[in-house]
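Written below as structure tokens is the structure these notes are about.
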Number of protein chains: 2
Amino acid sequence: MKPDHFEVTPQCTAVNEILSRVGDKWTVLVVSYLGNGAMRFNELRRTISGISQKMLTATLRGLERDGFVTRTVFPTIPPRVEYELTDLGRELLVPVRALGAWAVENHERVIAARNRFDAAHGAMEEPFRPAGHMSEAAE
Amino acid sequence: MKPDHFEVTPQCTAVNEILSRVGDKWTVLVVSYLGNGAMRFNELRRTISGISQKMLTATLRGLERDGFVTRTVFPTIPPRVEYELTDLGRELLVPVRALGAWAVENHERVIAARNRFDAAHGAMEEPFRPAGHMSEAAE
DNA sequence: CAGCATCCTTTTTGATACTG
DNA sequence: CAGTATCAAAAAGGATGCTG
């Protein structure tokens with residue numbers, strides 16, 4: 001008996017789709033901010049600050065397409081566009097934050113493991129030293 | 001004040017690191033299979049089947065580096081290498097599976113939202129598009 | 001303000017070919 | 001069997017210029 005057998009069927013498609021969205025560079029950040037309430041485009045842009053306009057647009061479009069956020073246009077001048085999480089988006093936030101919490105809690109362990117690995121493997125990383133002189137001791 | 005304010009500090013780095021790993025194309029698949037017990041390299045390769053050996057190697061290396069899996073070499077002939085989740089890996093599996101479960105449960109809602117979006121936005125591109133529908137498929 | 005279009009650079013991924 | 005090395009293709013991401 002497998003202790004916790006995880007069905008790896010075409011359902012993986014579903015998991016992979018969600019995970020691909022969640023795992024991209026900006027989605028979680030955007031969704032997290034939006035978790036605090038509706039925000040305008042440039043408000044998000046300024047807050048995240050590292051993101052390019054193109055990526056913010058793409059991220060928001062993707063989230064909108066998948067039903068995680070709504071896009072509301074106020075036909076004023078200048079135009080005002082607000083993004084807000086849908087119910088689906090808020091529900092998604094629950095497991096996503098759980099994972100986020102796990103990440104924060106266990107980050108050190110991962111870093112430690114990484115350093116251990118790099119120390120063990122990276123040390124003997126010298127490509128190939130042609131027999132002879134060691135003029136460029138490229139560090 | 002804010003109902004559930006999410007600190008977006010350098011901790012985001014932690015979250016992003018984990019999420020980037022989890023969100024890549026194969027990691028969750030590999031970790032999920034490994035959740036059922038240790039597996040050999042080609043066993044994983046055959047089971048996942050869509051993965052190239054390069055990506056499987058890279059995925060396993062990354063997981064090993066971050067302390068999520070162990071790599072055990074049996075110096076037999078032919079060589080036998082087994083991969084198994086560490087405690088950290090098993091712990092990670094918990095929130096990951098929660099997210100996975102959410103994905104499976106809500107997949108239809110996402111698909112529905114996606115179709116709705118495509119119908120509303122994609123249709124406008126083509127002025128006179130007969131009742132043809134596009135599956136999302138392409139990814 | 002909120003975007004779209006275009007061009008270009010960086011990463012990722014996949015197909016081979018080869019080794020212990 | 002379990003990889004490594006290399007090259008080419010594709011995708012992601014960024015910078016910039018231009019609209020309503």
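Convention: sequence-line order gives letters A, B, ...; per-chain numbering from 1.
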Please tabulate the protein-to-nucleotide N/O contacts below 3.5 Å involving nucleotides 6-13 of chain C, giving atom names and distances.
{"residue": "C/dT13", "atom": "O4", "partner": "B/Lys54", "partner atom": "NZ", "Å": "3.4"}

If we fit an axis to the first five pairs and another to the last five of the helix from C/dC1-D/dG20 to C/dG20-D/dC1, what angle do they make, to the nearest 10°?
-> 40°
Quick one: does B/Trp102's side chain get under 4.5 Å of A/Ile18's, heavy atoms only?
-> yes
May I ask you to decide if A/Trp26's main-chain N or O and A/Thr59's side chain share a donor-acceptor pair within less than 3.5 Å?
-> no
Quick one: side-chain hydrogen bond (donor to acceptor under 3.5 Å, both in side chains) partners of A/Arg40, sequence neighbours excluded?
-> none
Dump every N/O contact between nucleotides 18-20 of chain C and the protein below 3.5 Å, one line per pair.
none

Are B/Leu92 and A/Leu99 side-chain neighbours, meaning at least one heavy-atom pair lies under 4.5 Å?
-> yes
All heavy atoms of B/Thr86 vs all of B/Val69, minimum pair found to be CG2-C, 3.7 Å
With a 4.0 Å heavy-atom cut-off, tell me which residues in residues 59-71 of chain B come close to DNA chain D, sorted by residue number.
-> B/Arg61, B/Arg71
Inspect the contact between B/Arg114 and A/Glu17 and indicate whether a charged nitrogen and a carboxylate oxygen are less than 4.0 angstrom apart.
-> yes
Whole-Å distance separating the CZ atom of A/Phe74 from the P atom of C/dG3 | 12 Å
Counting heavy atoms from C-beta on, name the nucleotide in C/dA17, C/dC4, D/dA2 closest to the side chain of B/Phe41.
-> D/dA2
Within residues 71-88 of chain A or reaching into it, pairs that qualify as salt bridge (charged side-chain N to carboxylate O under 4.0 Å, His left out) - sequence neighbours excluded = A/Arg80-A/Glu82, A/Glu84-A/Arg90
